[in-house]
Every structure is written in C-alpha cells, then in structure tokens.
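From a predicted model like this one, the values you see are computed outputs, not experimental measurements.
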Amino acid sequence: MRAVTRMSLVDQAISRLREAIVSGEWPVGERIPSEPELVGTLGVARNTMREAVRALAHSGMLEVRHGDGTYVRAQNETEGVLQRRLQLADLLEVVTVRRGLEVEAARQAAERHTTDDLARLTALSRSPDRGSLDHRVTRAVDFHNALVDASHNQLLIELYRAIIGAVTLGIRQATADPGLSDVGTREHEELLAAIGDRDGDRAAQAAARHLDPLVAQVRARL
C-alpha cells in the first residue's frame, strides 16, 4: 500500500473548476472565463489549467470550441456521460426513455405537487399557441420540464435534465412532422385534472396516453 500523497495541482484545479460548475456559478450553456483569467485566478501554470480543462471536457462537463472558448456542457459527470450516450441514440430510444421518466414523474407530481406547481403547469398548458415551430417546441419542453419538477424527486429531475437536449430534439422532430403527434392539449387537460385531484394512477395513465401514440408511430417507421 502506497503512502497518501498531497493532491496534485492539476487535481486541485479540476476540483475548483468542477465546484464552479456544480454550484451553478458557471451555468450550463455559458462560456467559462478564458485561460489567462483562470490561470490568474487560480495561480497555476497554463499547462496545469489545460490539463484540468481537458479532464473535465473528457468527463463531458466542458466542451472546448476551438476559436470560440470553453463552454459548460453538463453540471456533473453523470449528465455528461448521458449526453455523450444520447448523441448515439435514435429517436425511438429517446421517446421510450422519455415515456418512462414522464409517466413516473406524472404519478409523483400528483402526489407531491404544490399549489405553485399546479399553477405553473396550468399556465403553460393554456398559453396561447403562436403558431411557429420554435414556440410550439419551447411550449412543450417547458410543460414537460414543469411536470418533472412537480414530482419533487431530485434524482428523477436530474436524469430528465440530463436528457433534455435529446428530448427537445425529439419534440422538435415530432412537432415538425405531420405524421407524428406529440403535443396534445386534451391529454394535458386530463393530466392536469388528475394532478389536481392528487390521483397518481390517473396521472400516470394520462401521461402514458400522451406519449404511447408517439412511441408506436416512431416504432412503426423502423
């Protein structure tokens, strides 16, 4: 057994950068400070900083865009790994996993939601449809995010956030394709009613009815 050694400068730099990401100081999607700024702030050599950034990029938490900068891609390593895996996933895999998460989220949202959660879901469901593809996709994504948030299951929320990029792409594909159905106001109303009644089984069934046709339509195209 080897003796315990002091943490290397690279490991310390990784720890400091990771802390800034996990804490939300550097939000997902934002560019982190430049290399000279980080070197000055942390007081380490350029090579040390490059190694630290490279390690976090390998874990999926950072994305280095040459000529543009380095951006936060995920808030933790689990999210980063899932995002890399989802780049290889097809639409059927995405909608199938999405169905599983959202059905359980609906059940737990019915049991755990607050008054504010229900008000948020209702407002998003009944917001006016401005017709554009971008608006319809944003509206759908916001609604499903609010549904998952209302579950108050932190692990489920984190898993859903980890695949939100793939979910958004799937919603965009389904919304833009006349042969696929994704956004259904009737199912949303049924879901809201079940959540308001705190009926977990009925909420889960409504969520399943909302997504099952999409899963079946995607599967039929394979």
Side-chain angles (χ1 to χ4, degrees), residues 1-102 104-105 134 137-138 140-142 144-145 148-149 151-174 218 222:
M1 184 178 295
R2 293 181 299 174
V4 175
T5 59
R6 293 174 58 187
M7 185 183 293
S8 72
L9 286 176
V10 172
D11 288 338
Q12 291 182 56
I14 291 171
S15 180
R16 292 287 300 278
L17 298 181
R18 186 181 184 282
E19 181 182 328
I21 296 169
V22 172
S23 69
E25 180 183 346
W26 297 341
V28 173
E30 285 199 5
R31 184 168 57 187
I32 70 172
S34 67
E35 183 181 278
E37 290 179 274
L38 291 174
V39 166
T41 300
L42 298 185
V44 296
R46 285 180 179 271
N47 286 343
T48 299
M49 184 55 59
R50 287 173 185 168
E51 284 295 321
V53 169
R54 188 178 298 118
L56 289 173
H58 181 72
S59 75
M61 293 180 70
L62 291 178
E63 178 184 1
V64 179
R65 303 178 188 174
H66 296 290
D68 187 14
T70 300
Y71 289 77
V72 179
R73 184 177 181 185
Q75 198 168 19
N76 54 60
E77 289 85 357
T78 301
E79 184 177 334
V81 170
L82 283 172
Q83 286 189 8
R84 285 207 305 272
R85 173 62 184 85
L86 284 166
Q87 289 179 334
L88 305 175
D90 60 27
L91 183 57
L92 178 60
E93 289 180 327
V94 172
V95 297
T96 302
V97 171
R98 176 187 162 197
R99 179 196 181 281
L101 292 176
E102 289 189 21
E104 185 55 34
D134 285 344
V137 171
T138 299
V141 171
D142 287 348
H144 292 291
N145 265 328
V148 174
D149 287 344
S151 74
H152 293 277
N153 181 324
Q154 195 56 43
L155 180 57
L156 195 157
I157 291 169
E158 289 179 8
L159 286 171
Y160 196 75
R161 290 290 185 275
I163 69 167
I164 195 61
V167 168
T168 301
L169 179 59
I171 288 176
R172 176 173 291 277
Q173 289 177 292
V218 172
L222 297 179

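Salt-bridge formation is not detected for the pair Glu19/Arg16: no Lys NZ or Arg NE/NH1/NH2 atom is positioned less than 4.0 Å from an Asp or Glu carboxylate oxygen.
Counting only distance, with no hydrogens or angles, the side chain of Arg31 and the backbone of Asp68 share a donor-acceptor pair below 3.5 Å.
Contact record, Leu38 with Leu17: CD2-CD2, 4.1 Å, taken as the closest heavy-atom pair. Here the shortest heavy-atom pairing between Ala57 and Val64 reads CB-CG2, 4.3 Å. Listed here is the closest heavy atom pair of Ala105 and Ser151: O-CB, 3.8 Å.
Proximity of Pro36 to Val39: side-chain heavy atoms (C-beta onward) are nowhere separated by under 4.5 Å. Under the 4.5 Å side-chain criterion, counting only non-hydrogen atoms from C-beta, Val167 is not in contact with Val97.
Here the CD1 atom belonging to Ile163 is positioned 13.5 Å from the CD atom belonging to Glu158, to the nearest 0.5 angstrom. With values rounded to the nearest 0.5 angstrom, Asp149 atom CG is found 6.0 Å from Asn145 atom CG. Within the model, atoms CD1 of Ile14 and CE of Met61 stand 10.5 Å from one another, a figure rounded to the nearest 0.5 Å. Here the CG-CD distance, from Leu159 to Glu104, works out to 12.0 Å after rounding to the nearest 0.5 Å. Expressed to the nearest 0.5 Å, how far CZ of Arg65 lies from OH of Tyr71 amounts to 5.5 Å. With values rounded to the nearest 0.5 angstrom, Asn153 atom CG is found 10.0 Å from Leu101 atom CG.
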Q: Before giving the answer on side chain to side chain contact (heavy atoms under 4.5 Å, CB included), spell out for Gln12 and Leu9 the whole-Å C-alpha distance, their side-chain angles and the decisive distance to 0.1 Å.
A: CA-CA 5 Å; Gln12 291 182 56; Leu9 286 176; 4.1 Å; yes

Show every donor-acceptor pair shorter than 3.5 Å between a side-chain atom in residues 40-49 and any protein atom, with sequence neighbours excluded, or say none if there are none.
unit_1	atom_1	unit_2	atom_2	d
Thr41	OG1	Glu37	O	2.9
Arg46	NH1	Glu35	OE2	2.7

